[in-house]
Structure formats: structure tokens, C-alpha cells
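This is a predicted model, so every value here is computed, not measured.
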Amino acid sequence: MTTTDRRALLTAGVSAAAAALAGCTSEAPGPRRPSAAQREAERVARAETELRLRAVTASRTLLERYDATLAAHPALAPLLNPLRRSVAAHTKAFGEGGTTVRPATAAPTASATSVAPTPAPVPVAGDPRAALGELAAAEGTASDAHTAALLTAPPEYARLLASVAAACAAHAYLLTEGARA
């Protein structure tokens, strides 16, 4: 065999091997089906997104109640402003991680108005003590909702929910004590 024959044989062999390998792929033609692990990861992500949305909604509703109470009873501002700031921080914390939060006091944009109408104003009791009682009840309801969500929350998010639930319970206590003063 001459050198030319060896080169031709080697070139033909490499070409055949390359052609055979090019035809061997790990993917079948058509759409690829997700694995069980991918489906589970998507299910968990959807569940966490729904959980975040519920938490943001509860905090935003509570923030709107604070704003309405402050508008109806400005004399309660020294008691309510620190608690309102805390609720606003909770709303912002819940909004992180992919859930967009529109602040309760922000003016609606044209696109936000076309998607979701502006919520009806929150009714507030005319008596300041009754208004504080209503706000305390709303804080208690939010605390209960966040506590119930702990059962299905992933660990890191459960810590945030537990902290906010405890803060809501503390706010309810302070508002109840504030109503007595």
C-alpha cells in the first residue's frame, strides 16, 4: 500500500465516522417533552408565584386600609405612620422575586387602568377608636393568612412569611392598645 492509498483510506474512514456521528443525536425530532424534574420545578415555581401574589395582595390591601384610615383620621398619624411604613416594607419585600407590586398610593397608569379598575375606597369608621379596631382586625386577618401560607411555602419564603405574620400580630396588639388610650 502506498502513502496515497493510506491517506485516501484514512480520509474515507474519518468521513464515514463523521457522517455516522452527525446522524446520532440524543434528541428525537419534534417537540421535546419536559422531564419529571422539570415539571416538578415548574409546578413549585407556579405555586410560589401564586403564594407571593396572595401575600402581596394581602399586604397591599392592608396598606390601602392604613391610607384610608389616615385620610379619615389625621390625628391618628403619630400612631399609624410607623406601622404603615412597616406594612409598606412588607409589601415591597413580598413583591421581590418576580411579582410586580404597584404601590397602593401610586396613581394608576393608563395601562394599569385598562387592565384592572381602581379598587373601591376602603370604608372607615367615623369614630377613631372604631377605626383603630377595624385596622387591628385587618392586621389580625393578614397575620392569619400569612401564618396559613407557611404550610406550603418554600423554606426561604416561609421565613419571610413568618416574620411578616409576627409583625402583623404585633401591629394588631399595638392598635388594640392604641384604641384603649
Side-chain angles (χ1 to χ4, degrees), residues 42-181:
E42 289 173 11
R43 185 194 66 76
V44 168
R46 276 193 308 273
E48 185 175 349
T49 299
E50 291 170 12
L51 187 65
R52 280 185 180 274
L53 186 58
R54 283 193 304 270
V56 165
T57 302
S59 286
R60 187 182 301 134
T61 301
L62 191 56
L63 191 60
E64 289 169 353
R65 180 165 285 285
Y66 269 95
D67 290 341
T69 303
L70 281 165
H73 302 287
L76 296 175
L79 173 65
L80 297 183
N81 280 333
L83 302 177
R84 187 208 176 277
R85 280 192 300 272
S86 178
V87 171
H90 299 157
T91 304
K92 182 178 178 184
F94 282 139
E96 294 173 357
T99 305
T100 304
V101 179
R102 178 187 58 84
T105 57
T109 61
S111 62
T113 304
S114 62
V115 174
T118 305
V122 178
V124 178
D127 178 47
R129 285 183 183 221
L132 288 176
E134 290 173 352
L135 204 48
E139 285 277 12
T141 300
S143 176
D144 292 343
H146 296 320
T147 301
L150 289 171
L151 297 173
T152 58
E156 189 64 31
Y157 197 63
R159 285 188 277 279
L160 175 61
L161 283 168
S163 295
V164 174
C168 288
H171 291 178
Y173 173 78
L174 291 171
L175 289 166
T176 303
E177 292 301 309
R180 290 182 187 160

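Between V87 and L83 there is no side-chain heavy-atom pair separated by less than 4.5 Å. By the 4.5 Å heavy-atom criterion applied to side chains, L80 and L175 are counted as neighbours.
Residues passing the side chain to side chain contact (heavy atoms under 4.5 Å, CB included) test with A47: none are found, sequence neighbours excluded. Here S143 pairs with T147, A165, C168, A169 under the side chain to side chain contact (heavy atoms under 4.5 Å, CB included) rule; sequence neighbours left out. Shown here are the side chain to side chain contact (heavy atoms under 4.5 Å, CB included) partners of T152, two or more places apart in sequence or in another chain: L51. Listed by chain and residue number, E156 satisfy the side chain to side chain donor-acceptor pair (under 3.5 Å) test with R159 (two or more places apart in sequence, or in another chain). Annotation: side chain to side chain contact (heavy atoms under 4.5 Å, CB included) contacts of A137 (sequence neighbours excluded): none.
Heavy atoms only, all atoms of each residue included: A131 and T69 are closest at CB-CG2, 4.1 Å. A125 and A130 make their closest contact through CB-CB, 3.6 Å (heavy atoms, listed as atom of the first residue, atom of the second, distance). When all heavy atoms are compared, the tightest approach of A72 to V124 is CB-CG1, 3.9 Å. Contact detail for R65 and P123: the closest heavy-atom pair is NH1-O, 3.6 Å.
Counting only distance, with no hydrogens or angles, the side chain of E48 and the backbone of P154 share no donor-acceptor pair below 3.5 Å.
Salt bridge R60/E64: absent, no basic N to carboxylate O contact under 4.0 Å.
Annotation: ring-ring contact (aromatic ring centres under 6.0 Å, His included) contacts involving residues 122-149, sequence neighbours excluded, comprise F94-H146. Here ring-ring contact (aromatic ring centres under 6.0 Å, His included) pairs that include residues 64-85, with residues two or more places apart or in two chains, number zero. Under the salt bridge (charged side-chain N to carboxylate O under 4.0 Å, His left out) criterion, no residue pair touches residues 139-151, with sequence neighbours excluded.
With values rounded to the nearest 0.5 angstrom, L161 atom CG is found 8.5 Å from R52 atom CZ. With rounding to the nearest 0.5 Å, the separation of CG in L132 from CG in L79 is 6.0 Å. Between the CG atom in L63 and the OG atom in S86 there is a gap of 10.5 Å [rounded to 0.5 Å].
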- Begin from the C-alpha positions of L62 and T141 and carry the test side chain to side chain contact (heavy atoms under 4.5 Å, CB included) through to its verdict. CA-CA 10 Å; L62 191 56; T141 300; over 6 Å; no
